[in-house]
Amino acid sequence: MSCGKPHETDCREVLAEVYLYLDLECGEERRVLIREHLEECGPCLHEYGIEQEVKALVARCCGNETAPEHLRERLRVRLTELVVFETTESRELAD
């Protein structure tokens, strides 16, 4: 995704980490970087808003249940793999 305005942090990176940001599962430095990007980038902020609504809906439906740590770790690894794959694929298409 691109909003036509260059950013220090790529929009794909921000959106790939939005759940970590929402769950307070990334470091403070990364949170600041993501927050600043969302404040500057309208399309990402819109997407973040949608993600936030989905997360709120899931929270209402699932109550206070939390996933087991091994499942959370597997999901983190898989999401990272997807981001790396998408980034690599996008670069290959651009070349």
Side-chain angles (χ1 to χ4, degrees):
M1 168 191 284
S2 175
C3 61
K5 198 171 137 189
H7 294 282
E8 185 175 320
T9 308
D10 187 88
C11 294
R12 290 177 300 226
E13 288 180 42
V14 170
L15 294 176
E17 295 182 37
V18 77
Y19 282 112
L20 296 176
Y21 176 81
L22 289 171
D23 291 336
L24 304 173
E25 292 184 4
C26 54
E28 183 59 28
E29 184 177 318
R30 195 65 183 163
R31 285 188 56 73
V32 168
L33 196 78
I34 291 170
R35 182 175 48 246
E36 287 174 355
H37 182 97
L38 291 172
E39 289 171 356
E40 296 172 355
C41 183
C44 284
L45 183 60
H46 174 74
E47 184 70 22
Y48 166 74
I50 292 170
E51 299 291 345
Q52 197 170 23
E53 290 301 316
V54 169
K55 183 171 176 56
L57 176 63
V58 169
R60 281 194 306 270
C61 294
C62 297
N64 290 329
E65 296 178 35
T66 54
E69 185 57 37
H70 69 277
L71 175 59
R72 292 172 54 159
E73 185 58 32
R74 282 182 33 215
L75 288 172
R76 279 190 203 106
V77 168
R78 184 66 179 132
L79 287 171
T80 302
E81 290 171 352
L82 289 172
V83 170
V84 169
F85 174 77
E86 183 178 307
T87 302
T88 303
E89 188 175 85
S90 295
R91 287 184 185 148
E92 289 174 355
L93 291 174
D95 290 339

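In this chain, residues are counted from 1 in sequence order.
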How close do Cys44 and Leu38 get, counting heavy atoms only, and between which atoms? O-CD2, 3.7 Å

Does [X] reach the side chain of [Y], with side-chain heavy atoms less than 4.5 Å apart?
X     : Y     : answer
Glu73 : Arg76 : yes
Leu24 : Arg31 : yes
Tyr21 : Arg35 : yes
Cys11 : Pro43 : no

Residues, nucleotides or ligands: over 12 heavy atoms within 6.0 Å of Glu69 CD: yes

Please report the interatomic distance CD(Glu28) to CG(Leu33), rounded to the nearest 0.5 Å. 11.5 Å

Taken to the nearest 0.5 Å, the spacing of Thr80 OG1 from Glu17 CD works out to 8.0 Å

Check step by step if side-chain contact (heavy atoms from CB on, under 4.5 Å) holds for Arg72 and Glu25. CA-CA 11 Å; Arg72 292 172 54 159; Glu25 292 184 4; 2.4 Å; yes

By side chain to side chain donor-acceptor pair (under 3.5 Å) - contacts of Arg74 (at least two apart): none

hydrophobic_cluster_shared for Leu20 and Val18, side chain cutoff 4.5 Å: no

